[in-house]
There are 2 protein chains.
Amino acid sequence: MYTMDDNCTVYKTMDFISKKWTLLILLELFKGGKDKKRYSEIKDKMEDITPKVLSERLKELEKEGLITRKVDASQFPVKTEYSLTEGGRDFIPIIRQMKIWALKWKPHNEVCESVDCENCDL
Amino acid sequence: MYTMDDNCTVYKTMDFISKKWTLLILLELFKGGKDKKRYSEIKDKMEDITPKVLSERLKELEKEGLITRKVDASQFPVKTEYSLTEGGRDFIPIIRQMKIWALKWKPHNEVCESVDCENCDL
DNA sequence: CCGGATCCTCTGCGATACTG
DNA sequence: CAGTATCGCAGAGGATCCGG
């Protein structure tokens, strides 16, 4: 007999990525091939996310080691830039697998009908 | 220039699986190699889920085509059994990828230190 | 008894405004 | 520009109830 263990690595990982917006932020940081993106740049692309939640998720992702945050205060206005860490980049293939799964099993539309559509860069 | 599109297949999939408990329920239905599991059986294994949320998630998963629900009213008490569909089973490798990722990048413990630990059957 | 539904509470998300 | 502060609401958690 087994029971779901709170301490299980998989359990904790799934609980972490099951927070709203988390995966989409990871994907947004990956898209376009840029290694750094600014707070406002992320926010502008993800139209429906609120500044509070974006801020919360970025902190969580940093704490979990998936992204890094760098502040350039040498000039004004101050620039804050976010990048994927190696571990964060290594999560992208999992998101790609989700897309491949979705293309196979879910009805899809013209916006996103191929694996390499420009909408999500996957 | 691109913007996150609500209609995007990937967007919708990520939004769907990003609901609390969804992935854990899928995993629970996979574990142990049984093809069917009863409501109470799932609930007992996932100690912290409440009957309300379990019921909601099972309905969503059924609607999304990942699981099926069969009621056996031929005897008493009535049995309700849930199984993974082909599409649902095809999602398990993605969860396995998450575990592999977690084992590589996150500190893990004795409960779950190998890919084939009996705790999650992945 | 089993598989939920119902009621209530409380945390998390959303919307808007504002600041160093 | 990059976030906080404040408030309101929907969805998750807890306990109990109920029809078959």
Side-chain angles (χ1 to χ4, degrees), chain A residues 3-6 11-12 14-29 34-64 67-84, chain B residues 3-4 6 11-12 14-29 34 36-64 67-84:
Chain A
T3 307
M4 197 69 78
D5 187 333
D6 297 24
Y11 182 103
K12 286 195 285 192
M14 291 201 283
D15 210 54
F16 170 66
I17 65 128
S18 285
K19 302 194 85 166
K20 196 163 183 182
W21 296 109
T22 299
L23 288 179
L24 292 171
I25 292 170
L26 275 180
L27 181 54
E28 187 56 49
L29 282 173
K34 297 176 64 174
D35 56 338
K36 301 173 181 193
K37 278 187 182 169
R38 303 179 61 173
Y39 179 90
S40 52
E41 199 173 352
I42 302 167
K43 196 172 152 327
D44 290 347
K45 297 292 172 73
M46 305 180 67
E47 294 182 320
D48 290 339
I49 199 169
T50 60
K52 189 183 86 170
V53 175
L54 177 55
S55 180
E56 284 171 2
R57 292 295 171 275
L58 288 169
K59 278 179 193 162
E60 291 162 7
L61 283 163
E62 190 186 9
K63 187 182 158 205
E64 295 288 330
I67 68 174
T68 54
R69 176 178 183 268
K70 266 171 216 145
V71 181
D72 177 10
S74 66
Q75 61 218 39
F76 192 84
V78 170
K79 287 200 287 187
T80 313
E81 293 181 315
Y82 295 91
S83 327
L84 292 175
Chain B
T3 307
M4 197 68 78
D6 298 23
Y11 183 103
K12 286 194 285 191
M14 291 203 281
D15 210 53
F16 170 65
I17 65 124
S18 284
K19 301 196 86 168
K20 196 163 183 183
W21 297 108
T22 300
L23 288 179
L24 292 171
I25 292 170
L26 275 181
L27 180 53
E28 187 56 48
L29 282 174
K34 297 174 65 173
K36 300 174 181 194
K37 279 187 181 168
R38 303 178 61 175
Y39 179 88
S40 51
E41 197 174 354
I42 302 168
K43 197 173 152 324
D44 291 345
K45 297 292 172 76
M46 306 179 67
E47 295 183 319
D48 290 340
I49 199 170
T50 60
K52 190 184 85 170
V53 177
L54 177 55
S55 181
E56 285 171 1
R57 292 295 170 275
L58 287 169
K59 277 179 195 162
E60 290 163 7
L61 283 164
E62 189 186 9
K63 187 182 159 206
E64 294 288 330
I67 68 173
T68 54
R69 176 177 184 270
K70 265 170 216 146
V71 181
D72 177 11
S74 66
Q75 63 217 41
F76 190 82
V78 170
K79 289 199 285 186
T80 313
E81 293 182 314
Y82 295 92
S83 327
L84 293 175

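Here is the naming used below: chain letters follow the sequence lines, and residue numbers restart at 1 for every chain.
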Five pairs at each end of the helix from C/dC1-D/dG20 to C/dG20-D/dC1: take the axis at both ends and give me the angle between them to 10°. 30°

The residue among A/Ile25, A/Leu29, A/Leu61, A/Thr68 that forms side chain to side chain contact (heavy atoms under 4.5 Å, CB included) with A/Tyr82 is A/Leu29

Salt-bridge test for A/Glu41 and A/Lys34: reply yes if a basic N is under 4.0 Å from a carboxylate O, no otherwise. yes

Nearest whole Å is fine: how far is D/dG20 C1' from B/Lys79 NZ? 16 Å

Whole Å only: how far is the CD atom of A/Glu41 from the P atom of D/dG3? 13 Å

What is the distance, to the nearest angstrom, from the CG atom on B/Asp44 to the P atom on C/dC1? 14 Å

Using modelled atom types and a 3.5 Å cut-off, is there a donor and acceptor pairing between side-chain atoms of A/Thr22 and backbone atoms of A/Ile17? no

Is there side-chain contact between A/Trp21 and A/Asp48, with heavy atoms separated by less than 4.5 Å? yes

In whole angstrom, what separates A/Lys43's NZ from C/dG14's C1'? 12 Å

For A/Phe76, answer base if it contacts any base atom (sugar-phosphate contacts may also be present), sugar-phosphate if it contacts only those atoms, and nothing otherwise; contact means non-hydrogen atoms under 4.0 Å. nothing

From CD1 of A/Ile25 across to C1' of D/dG3 the rounded distance in Å is 14 Å

Please confirm whether the shortest side-chain N or O distance from B/Arg38 to OP1 or OP2 of C/dC2 is below 4.0 Å. no

Phosphate OP1/OP2 of D/dC1 contacted by A/Ser40 side-chain N/O (<4.0 Å): no

Please report the shortest heavy-atom distance between B/Lys20 and B/Arg57, naming the atom on each side. O-NE, 2.8 Å

Would you mind reading off the distance between B/Asp72 atom CG and D/dG20 atom C1', rounded to a whole angstrom? 14 Å

Reckon B/Thr80 has a side-chain N or O less than 4.0 Å from the OP1 or OP2 of C/dC2? no

What one-letter contact string describes nucleotides 4-19 of chain D from 5' to 3', where B marks a base within less than 4.0 Å of any protein heavy atom, S marks contact via sugar-phosphate atoms alone, and - marks no contact? B-B-----BBB-----

